[in-house]
Each structure stands twice: as C-alpha cells, then as structure tokens.
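Computed from a prediction, not measured in an experiment: that's the story for all the values here. One-based numbering along the sequence shown.
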Amino acid sequence: MDRTRVRLAELLAVLSLASDLGMGQPMEHVLRQCLIALRLAQRLGLSESDREVVYYTGLISWVGCHVDAYEQAKWFGDDLVFKGDFRGTDMASTTAERMFVLRHLGAGRPPAERIRLGVGFLGDGRRVADSLLDNHWRASDHLAMRLGLDQRVRDGVEQTFERWDGRGAPKGIRGEDLSLPARLVNLADVVEVFHRAAGTAAAVEVARARAGTQFDPAVVELFAAEAEAIFADLDGIDSWDTVIAAEPALGARLTDPELDSALAAIADFTDVKSPYTIGHSRGVAELAGAAAETLGLATAALVRRAGLVHDLGRLGVSNAIWDKHATLNHIEQERIRLHPYLTERMLARSPALAPLAEIAVQHHERLDGSGYPRGLSGAAIGIEGRVLAAADFYHSRTEPRPHRAAAPAAEAATLLRAEVRHGRLDGDAAAAVLRAAGHRGGRRRTWPAGLSDREVEVLRLLARGLSNREIAEALVISRRTAGHHVEHIYAKTGTTNRALASLFAAEHGLIGETGTPST
C-alpha cells in the first residue's frame with residue numbers, strides 16, 4: 001500500500017481542526033470529543049459497525065457550522081464567540097433560546113446600533129436564527145456525501161443536532177428514536193468543553209443538569225459513573241495520533257482522484273465562510289496549477305492542491321473582521337496575519353498533507369520580507385510558494401472585498417506587475433500566472449440546475465450577501481422581480497437561503513465566471 005496517500009481519517013481529522021476554529025473552540029476539541037464518544041461506545045458494547053458510525057459522525061458533524069458565519073456576524077457580532085458560547089446554554093425552552101439570542105444580538109456594538117438591530121431582527125434576523133442548525137447539518141451532510149461516507153454516518157450527522165426532548169433540528173426527533181451514535185456525539189461534544197474548562201466534576205454536572213432535556217438520561221448515568229476513567233489520560237495523550245489509530249476502516253486511503261475531489265469540497269466549504277470569497281480557492285488553485293505547468297514544475301499537481309486548501313486557516317478569524325467595511329485596527333490585522341499559519345498547523349498534522357502545508361503557508365509571503373506569517377524573503381520562499389502567492393494576489397484583485405470593488409482583469413494584471421517591479425512578487429511566477437489567466441477554457445454551454453443567465457447573475461449577487469433591494473438596484477430591475485428570481489434559484493438548486501445557495505454556487509464554480517453561456 002502507498003503510505004504517501006492520505007487516509008480518510010487524516011482528512012477528516014484535518015477538517016475537524018478547521019471545525020474547531022469555525023466554532024470558536026481550541027484545536028483538537030473535536031478530536032477529544034471523538035475519543036470520549038468512542039470510549040462511551042465501547043462501554044455500551046456497541047458493535048464495530050456502530051462504533052464506525054460514532055467515529056466518522058464525531059469527526060464531521062460540526063464541519064458546516066461556519067457556512068452562515070456572514071449572517072451570524074451581521075446579527076451577533078463575533079461569530080466565533082457566538083458559536084463558542086452556544087454549548088454553555090441548554091436550549092430547553094423558548095425562553096432560554098430567546099435569552100441566548102438577546103445576550104448576543106449586536107454584541108460589541110454601540111447601544112443605538114443594538115436597538116436598530118433588534119428591530120431588524122424581528123424580520124430577517126429571526127429567520128436567520130431559526131435556520132442556523134438546519135444550515136449546519138445540511139452543509140455537514142453534503143460534505144459527508146461528497147466524501148463518500150456511508151448513509152448511516154450521514155443519518156448520524158443529521159441527528160447530532162437533535163435533542164432527547166425533541167427540541168432539536170431538523171425534525172424534532174426525540175427519545176429512543178434518536179440513533180445511539182448521535183446521542184453519544186452530542187453528549188461528548190458538550191462535556192469535552194466543560195471538562196477542558198473546569199475538570200471532570202464540571203463535565204458530570206452539566207451532563208446531569210441536561211439529562212432528559214438535551215441528553216439521554218441512561219447515557220448520562222453511564223458517563224457519570226465512568227467519567228474519571230474516560231477522562232483519565234485525555235490530557236496526556238496525543239489526540240491526533242490516538243484518533244487516527246482508532247480508525248475502524250483499516251486505514252482506508254484515498255486515490256488521487258478521490259483526494260482531488262475531497263480537497264475541492266474542502267475549498268468550497270472554506271470559501272463560503274464569507275460572501276466575498278466564494279469560489280476563491282478553486283480559482284486560485286486553477287491559476288496556480290496552470291502557472292506551475294507553464295513553468296514546467298514537476299510539482300504542478302501539488303501546487304494546485306495547495307491552492308485548494310491555502311485559506312483553510314481563514315476559519316479561525318471572525319467574519320466581523322473579514323467582512324468589515326471600515327479600516328481594520330492593529331489587533332484585527334494581526335488576527336488576519338495568523339490565518340496562513342493556522343492553515344499550516346492543520347495540514348502539517350497529517351504526514352501525507354504536510355507537503356501542501358509547506359506551500360500553502362507561503363501564499364502571503366513576499367520576496368522583500370514584508371509578507372506574513374513569518375516574514376520570509378528571497379530564497380527562503382520556494383518556487384511553488386511564489387507561484388501560489390502570485391496566483392492568490394491576482395485572483396483576489398478580481399474579486400470584491402468589503403473595502404473595495406472587484407478590479408477588471410486588466411487592472412489586476414497591472415497591479416500584479418507592479419508588485420513584481422517593487423520586488424515583492426516573483427517575475428517568472430507572475431508572468432506564468434498572467435499567461436494562465438489569459439488562456440482559460442471556454443464558457444459553459446448551459447448553467448447547472450437549469451438556471452437562466454439572469455438567475456446566475458442574481459445568484460452571484462445573492463451569494464455576496466446583497467438583499468433583494470440591493471440586487472434589484474444593481475441589475476436595474478424591480479425588487480419584486482429580484483425576489484421572484486431568488487425564489488426560482490432556491491427552487492431549482494434545492495436550497496432555502498443565502499448560505500446554502502452560496503455553497504451550491506461555489507461547488508458549481510459559478511462565482512468566478514463572467515459573461516453568459518455560449519449556445
């Protein structure tokens with residue numbers, strides 16, 4: 001067996017680290033949660049098949065929790081804080097849910113703005129809050145499907161958001177109708193947070209407090225009786241190595257096509273964190289890979305794969321920063337400068353993915369030492385990193401950002417050449433990127449899901465976070481017509497809101513395309 005190939009467990013474990021960041025948790029929360037759930041499964045005498053469901057469900061259940069981070073930040077301030085606090089509240093009543101929302105509504109903003117948001121929340125905001133859990137499980141389920149995970153795992157992912165008392169999502173399943181793997185993962189997720197913060201007694205206390213509401217009382221009693229043993233060595237072991245070693249499927253490894261497909265799925269999930277970056281990683285990867293081929297690099301496929309995952313660390317930075325229209329302060333800038341390092345840290349845990357980490361971490365480094373995260377200069381930046389940096393710079397300029405509009409291709413090329421003249425980017429790498437950008441393939445003959453040209457235009461604006469009114473103004477159509485287009489888009493794509501429609505757009509490569517399909 002080729003040991004250089006990526007194990008499915010490794011890929012899911014990397015995704016779990018990204019999930020940690022997206023939920024406002026420290027890295028390895030999900031890995032530790034997975035171990036807790038597996039230890040409970042063993043004590044319950046679950047079959048090997050059921051333990052396999054627990055394993056994969058535990059690793060992937062929370063991966064979709066950032067897909068509507070844009071809306072979360074819009075209404076609740078720092079989306080990472082909002083999600084990080086979620087596990088601290090038992091949503092056992094409508095009052096508890098409302099109080100949680102009120103505590104976070106407009107967090108960090110002046111009183112007058114919080115009042116204005118409160119009024120607006122009664123309309124669109126309430127619908128956003130009601131759809132959060134539904135969005136999260138649907139996104140996680142979709143990724144599980146793209147990664148080829150078994151239907152029992154997908155069922156476990158869906159039910160992870162349910163509760164013993166029936167107040168969960170998406171179907172309000174309750175009691176014994178909940179799958180046992182989902183019950184274990186749900187409990188393990190919360191008690192890991194409380195154990196890490198305050199020890200075993202705190203974990204047992206929260207489990208017992210939520211027995212009969214969020215958690216299965218019988219599972220809680222087993223956990224309480226075995227808590228000391230379950231947590232005994234959790235702080236002393238390497239969570240990564242232990243979880244990888246526990247993979248039930250005898251170390252299943254991905255073929256090259258499977259890995260490429262999986263990394264593309266990860267790219268899409270990374271980019272939907274912000275409406276300003278949908279389709280970004282795919283675009284950068286295609287440019288960088290093509291430029292590397294133009295330069296005759298034997299590592300062109302590696303460069304392309306690094307492009308797909310180069311922004312994975314963005315999940316560790318709040319959308320309150322990424323989507324901010326005003327000038328960033330020093331602290332916010334420093335948090336942004338960390339994201340390549342976070343990408344590297346996640347990918348480097350997997351020996352098979354470590355070569356991607358070495359390239360991806362360099363996409364913001366500059367030849368004159370002015371880049372980040374390490375301020376590398378000259379020969380310390382490899383040719384693959386130089387190509388990725390040039391591709392990222394060019395493609396980013398063709399996309400809108402909160403503080404600027406998208407630049408036309410010609411202007412983006414001018415800006416890239418200026419970076420070369422100033423000694424920040426490599427001339428050969430930049431020239432290869434520009435050649436790649438000038439020789440892209442033909443346009444689609446038809447749009448996916450039967451979308452019309454106009455609906456694709458509307459979808460691109462919807463994905464960027466524009467309201468129906470703003471879409472109408474941008475396309476010079478009536479607000480009612482824009483609304484009709486949005487409803488048609490939802491119906492055709494099988495989605496129900498901006499976040500899920502954005503994921504559809506990213507997966508089908510609709511954001512980076514221009515013009516209309518040829519007939």
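Side-chain contact between Leu12 and Leu15 is present, with at least one heavy-atom pair separated by less than 4.5 Å. No side-chain heavy atom of Asp189 sits under 4.5 Å from any side-chain heavy atom of Thr160. When side chains are defined from C-beta on, Arg163 counts as touching Asp90, because their heavy atoms get closer than 4.5 Å. No side-chain heavy atom of Pro402 sits less than 4.5 Å from a side-chain heavy atom of Lys324. Proximity of Val14 to Ile266: side-chain heavy atoms (C-beta onward) are nowhere separated by under 4.5 Å. Side-chain atoms of Glu158 and Lys171, non-hydrogen and from C-beta on, do get closer than 4.5 Å to each other. Val193 has its side chain within reach of Gln25: a pair of non-hydrogen atoms, C-beta onward, lies under 4.5 Å apart. Side-chain contact check for Asp20 versus Leu315: every heavy-atom pair is 4.5 Å or farther apart.
Side-chain N or O atoms of Glu162 include one that pairs as donor or acceptor with a backbone N or O of Gly172 at under 3.5 Å. No donor-acceptor pair under 3.5 Å is formed between the side chain of His29 and the backbone N or O of Pro26. With hydrogens and angles ignored, the 3.5 Å screen pairs no side-chain donor or acceptor of Glu113 with any backbone N or O of Pro110. Side chain of Lys273 to backbone of His66: no donor-acceptor contact under 3.5 angstrom is found. Put simply, the side chain of Arg174 gets close to the backbone of Asp165: a donor and an acceptor are under 3.5 Å apart. Proximity of a side-chain donor or acceptor of Thr213 to a complementary backbone N or O of Arg210 within less than 3.5 Å is detected. Put simply, the side chain of Ser140 never gets that close to the backbone of Trp137: no donor and acceptor are under 3.5 Å apart. Checking side-chain atoms of Gln159 against main-chain N and O of Ser179 turns up a donor-acceptor pair under 3.5 Å. Within the 3.5 Å criterion, the main-chain N or O of Ala391 finds no donor-acceptor partner in the side chain of His395. Arg460 contributes a side-chain N or O that, together with a main-chain N or O of Leu510, makes up a donor-acceptor pair within less than 3.5 Å.
A salt bridge is absent between Glu286 and Arg282: the closest approach of a Lys/Arg side-chain nitrogen to an acidic carboxylate oxygen does not fall below 4.0 angstrom. A salt bridge links Glu457 to Arg454: at least one charged side-chain nitrogen sits closer than 4.0 Å to a carboxylate oxygen. For Arg349 and Glu28, the salt-bridge test passes: some basic side-chain N is under 4.0 Å from an acidic carboxylate O.
Residues forming a side-chain contact (heavy atoms from CB on, under 4.5 Å) with Arg208 (at least two apart in sequence, or on another chain): Val204, Val220, Glu221, Ala224. With sequence neighbours left out, Arg335 forms a side-chain hydrogen bond (donor to acceptor under 3.5 Å, both in side chains) with no residue at all.
Stacking of Arg345 on the aromatic ring of Tyr341 is not recorded, the 6.0 Å distance cut-off and the 45° axial limit not both being met.
Closest non-hydrogen pair, Val30 versus Gly58, comes out as CG1-O, 3.3 Å. Here the shortest heavy-atom pairing between Arg32 and Glu192 reads NE-OE2, 2.7 Å. When every heavy atom of Ala320 is checked against every heavy atom of Ala73, the shortest pair comes out as N-CB, 3.7 Å. Looking at every heavy atom in both residues, Gly88 comes nearest to Phe194 through CA-CZ, 4.2 Å. In plain terms, the two heavy atoms of Asn497 and Leu500 that are nearest each other are OD1-N, 3.1 Å. Shortest non-hydrogen contact noted between Leu80 and Gly22 is CD2-O, 3.5 Å.
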- request: Might you work through the side-chain contact (heavy atoms from CB on, under 4.5 Å) test for His508 and Thr493, ending with a clear yes or no?
  value: CA-CA 11 Å; His508 291 84; Thr493 60; over 6 Å; no
* Under the side-chain contact (heavy atoms from CB on, under 4.5 Å) rule, what do Ile477 and His485 come out as? Steps first, then yes or no, please. => CA-CA 11 Å; Ile477 57 177; His485 284 313; 4.1 Å; yes
Fill in: Stepwise side-chain contact (heavy atoms from CB on, under 4.5 Å) check, Asp268 with Arg146
CA-CA 11 Å; Asp268 294 339; Arg146 291 182 69 179; 3.1 Å; yes
Tell me, with the steps shown, if Val191 and Leu187 meet side-chain contact (heavy atoms from CB on, under 4.5 Å).
CA-CA 6 Å; Val191 298; Leu187 174 65; 3.7 Å; yes
Quiz prompt | side chain to side chain donor-acceptor pair (under 3.5 Å) assessment of Ser274 paired with Asp323 | solution = CA-CA 7 Å; Ser274 170; Asp323 300 333; 2.6 Å; yes
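Here CG of Leu503 is found 10.5 Å from CG of Asp271. Values are rounded to the nearest 0.5 Å. Taken from CG in Leu149 to CD1 in Ile60, the straight-line distance is 5.0 Å, to the nearest 0.5 Å. Considering CD of Glu473 and CG of Asn468, their distance stands at 11.5 Å, rounded to 0.5 Å. Distance CZ/Arg417 to OH/Tyr394: 9.0 Å, rounded to 0.5 Å. One finds the CH2 atom of Trp164 at 3.5 Å from the CG atom of Asp216 (value rounded to the nearest 0.5 Å). Between the CE atom of Met346 and the CH2 atom of Trp240 there is a distance of 10.5 Å, given to the nearest 0.5 Å.
In this structure, a donor-acceptor pair under 3.5 Å is present between the side chains of Asp68 and His136. Side-chain contact, Thr270 with Asp311: no donor N or O sits under 3.5 Å from an acceptor N or O. Between Trp62 and Gln33, the side chains place a donor N or O and an acceptor N or O closer than 3.5 Å (distance only, hydrogens not considered). With no hydrogens or angles considered, a side-chain donor-acceptor pair links Ser318 and Asp79 at under 3.5 Å. For the 3.5 Å distance criterion, the side chains of Gln214 and Asn186 qualify, holding a donor opposite an acceptor.
Exactly one residue among Arg374, Glu365, His364, Arg314 makes a side chain to side chain contact (heavy atoms under 4.5 Å, CB included) with Pro340. That residue is His364. The side chain to side chain contact (heavy atoms under 4.5 Å, CB included) test with Trp322 is passed by exactly one of Glu332, His339, Arg401: His339.
No more than 12 heavy atoms of other residues, nucleotides or ligands sit less than 6.0 Å from atom CZ of Arg479. Around the CZ atom of Arg480, the shell of radius 6.0 Å holds no more than 12 heavy atoms that belong to other residues, nucleotides or ligands.
In summary, the aromatic rings of His310 and His280 are positioned with their centroids under 6.0 Å apart. Close placement of the Phe231 and Phe223 rings is indicated, their centers lying within 6.0 Å of each other.
Evaluation of the ring-ring contact (aromatic ring centres under 6.0 Å, His included) test over residues 84-111, restricted to residues two or more places apart or in two chains, returns Phe82-Phe100, Phe82-His104, Phe86-Phe100, Phe100-His104.
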